[in-house]
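First the structure, in the form of C-alpha cells, and then the observations on it.
Proteins come first, then strands; the chains are lettered A, B, ... in the order of their sequence lines, and each starts at number 1.
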Protein chains: 2
Amino acid sequence: MEKLSNKIISRVLLYIRILEELIKKNRARVSSNELAKLTGLSDVQIRKDISKFGKIGTPRLGYSTRELKNILEDFVLHKETIQLALFGVGNLGTAILKYPAFKKDKLNIAAAFEKDKNKIGKIVNGVRIYPIDKAPEIIKKIHAEIGIVAVGAQDSQEVVDIMVLSGLKGIINFSPTFLNVPKEIAVRDIDLSLEFLALYCSVKILA
Amino acid sequence: MEKLSNKIISRVLLYIRILEELIKKNRARVSSNELAKLTGLSDVQIRKDISKFGKIGTPRLGYSTRELKNILEDFVLHKETIQLALFGVGNLGTAILKYPAFKKDKLNIAAAFEKDKNKIGKIVNGVRIYPIDKAPEIIKKIHAEIGIVAVGAQDSQEVVDIMVLSGLKGIINFSPTFLNVPKEIAVRDIDLSLEFLALYCSVKILA
DNA sequence: TAGATTGTTAATCGATTAACAATC
DNA sequence: TAGATTGTTAATCGATTAACAATC
C-alpha cells in the first residue's frame, strides 16, 4: 500500500473520532455524504481517502461504521506501543497528561520530569514524576522514543539538550522558542500562542 | 496585494519569532540561507514568501532583521484588537492564559468563564473568571469575537451552544469532540491527544 | 569586475475536485 | 429495472522547487 501523507493521516484520525461517535449512537452505516457534513470536507475527498484502504463501502448503502473504524484504526495506529516522556508538569503538562487518549495502549506517557521538588515523586493520571537529572537513566529504562517539551521558554533549550542526550528520537515542542536539535531528531512544534490559535478563525472572520 | 494562504501566514509567524530572537542577539542582517537553516525550510521558499511583501532584501547583504520583522508583523497582525473569551479555566485553560503572547494588544483574552464556583471571581494573569451563565451578557459588553473551548468533552457542546447564543463569530476548540455549530461560525479544532501530537514525529521515526 | 545573494519565471510535484463508470 | 452511492480516471488547482536573471 502506498504511503499516506500526513494530511490524509490527520483526516483519518478525524474520521475515526466521528465513527466512534456514530457507533456510540448505534448507527450501523454512514454515507460519504453524511461524513462530509460532519467533517466539513467534501464527499469526494472522503471517498478518495477511504479508497486508499480498499473497497470498503457498498454502493447504495455506504460504509459500515464499525468495519470502517476498525480498518482505519488498524492502519493509523502502529503495531508496537510508543513510549513518551513528558518534561514539565505545570498547567500545560498536566493538561496533556489528563487529555483523553483513545488508544492508551499504543501511545503511552511512561514518565514525567520536573524541576519543582514539591512535585517530584507524585503520580498524576498514573504517571510518576521524576527529577529532571534522572531523565537519561529512566528514559533508557522505559525505552521512550518521543519527548514532550511542556516547560517555559527559558528552560526549554536546557531540557531539550537533556532529551537529546537521553537518546529520544522525536520531540514535540510546546515551548514558543526555536530549539537547537541535531537534524536526525524529528521535531514537531506546536504553538499555542493566541496568534496561532486565532489564525484561521480570524482570517476567516476578517476576510 | 494578493491574499496569502494560511500556510504562508503560519510560516510568516515563524519568521517573526526567529527574527525577534536574532534582534535580541543584536544581529542586524540575515540571509535567506541562514533563515533556512533556522527554520528547516528551503532558502528558495523563504525568499518566495518574503517576496510577497515587496523587495525587502539586498543582494549580497540579505535582509535587515528589524525591517523584515516590522513588515511581516504589520501584515500579519490586524489593525484592530480582537477580543477573545475563554471557557474553562482548568489546567489547559490556565496554560493558555499564561502562554506568552507576543502582541498582547492585538489579541486579548478579555474574560474567562467557569462552572466551578471556587474559581469564579478570581483573576488569572489579569483575566477575571465569571460564571458561565453570565457569558452572553459579558461577551456582548466586551465585544468578544472568538471563543476558546477548554472544557472537558462532556461539557463542550453545552458551552458551545452558549457561545453561539452569545454571538461569537469564531471558536477555537480544544475539546476532542465533534461540535454542532451553525456553519457561519468559523471553527478551528486543535487536537492535543497523543495520537495527534505524536503523528508527525512517529511517522518520521517509523518511516 | 567578480562573487554572492535576492527576486522571478518556468517546471514539477502533490493534493483536490470534477466527471463518470461500476455496482448494489 | 431505476436510483443511489461507491470508486476511479482525468482535469484543475495550488504549492514547492529548479533554474536563472537581476543587482548590489
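When base pairs are accepted only as Watson-Crick or G-U wobble with both N-N or N-O distances under 3.5 Å, DNA chain C takes part in stems of 3 or more pairs at C:3-24 with D:3-24.
Counted within 6.0 Å of NZ on A:Lys119, heavy atoms from surrounding residues, nucleotides or ligands total more than 12; the atom is thus considered enclosed.
For B:Ala110, the side-chain contact (heavy atoms from CB on, under 4.5 Å) partners two or more places apart in sequence, or in a different chain, are B:Gln83, B:Asn108, B:Ile142. In terms of the salt bridge (Lys or Arg N to Asp or Glu O under 4.0 Å) criterion, residue partners of B:Asp49 (sequence neighbours excluded) are, by chain and number, B:Arg11. Residues meeting the salt bridge (Lys or Arg N to Asp or Glu O under 4.0 Å) test with B:Asp116, sequence neighbours left out: none. Checked against ring pair (Phe, Tyr, Trp, His ring centres under 6.0 Å), A:Phe174 has no partners two or more places apart in sequence or in another chain. Partners of B:Lys141 under the side-chain hydrogen bond (donor to acceptor under 3.5 Å, both in side chains) rule, at least two apart in sequence or in another chain, do not exist in this structure.
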Without placing hydrogens or testing angles, list every side-chain donor-acceptor pair under 3.5 Å for residues 159-167 of chain A, not counting sequence neighbours.
residue: A:Asp161; atom: OD1; partner: A:Gln157; partner atom: NE2; Å: 2.9
residue: A:Ser166; atom: OG; partner: A:Ile162; partner atom: O; Å: 2.6

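Between B:Arg60 and A:Thr58, the residue anchored nearer the 5' end of DNA chain D, judged by the nucleotide with its closest heavy atom, is A:Thr58. Nearest-nucleotide mapping onto DNA chain C: of A:Gln45 and A:Pro59, the residue sitting toward the 5' end is A:Gln45. Along DNA chain C, the nucleotide nearest to B:Ile56 and the one nearest to A:Asp49 differ in position, and the one closer to the 5' end is contacted by B:Ile56.
Listed by first then second residue, pairs satisfying side chain to side chain donor-acceptor pair (under 3.5 Å) with a partner in residues 58-69 of chain B number zero, not counting sequence neighbours. Applying the salt bridge (Lys or Arg N to Asp or Glu O under 4.0 Å) test to every pair with at least one member in residues 29-46 of chain A, sequence neighbours left out, gives these pairs: A:Arg27-A:Glu34, A:Asp43-A:Arg47.
A heavy atom lying under 4.0 Å from DNA chain C marks none of the residues of residues 36-44 of chain B. DNA chain C is contacted by B:Gly62, B:Tyr63 of residues 61-71 of chain B, taking any non-hydrogen atom closer than 4.0 Å.
Of all heavy-atom pairs between B:Leu86 and B:Gly93, the closest is CD2-O, 3.6 Å.
Listed for the B:Asn91 side chain is no donor-acceptor partner under 3.5 Å among the backbone atoms of A:Thr94.
At the heavy-atom level, B:Arg11 lies under 4.0 Å from the strands shown only through sugar-phosphate atoms.
On the nucleic acid side, DNA chain D has its first and last nucleotide under 4.0 Å of a heavy atom of chain B at D:dA15 to D:dC24, going 5' to 3'.
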Inset, instruction - Check the pair A:Ile148 / A:Asn173 against side chain to side chain contact (heavy atoms under 4.5 Å, CB included), numbers first and verdict last. - result: CA-CA 6 Å; A:Ile148 303 170; A:Asn173 175 37; over 6 Å; no
Inset, instruction - Could you please spell out the steps behind the side chain to side chain contact (heavy atoms under 4.5 Å, CB included) verdict for A:Phe53 and A:Leu4? - result: CA-CA 10 Å; A:Phe53 300 89; A:Leu4 302 184; 3.5 Å; yes
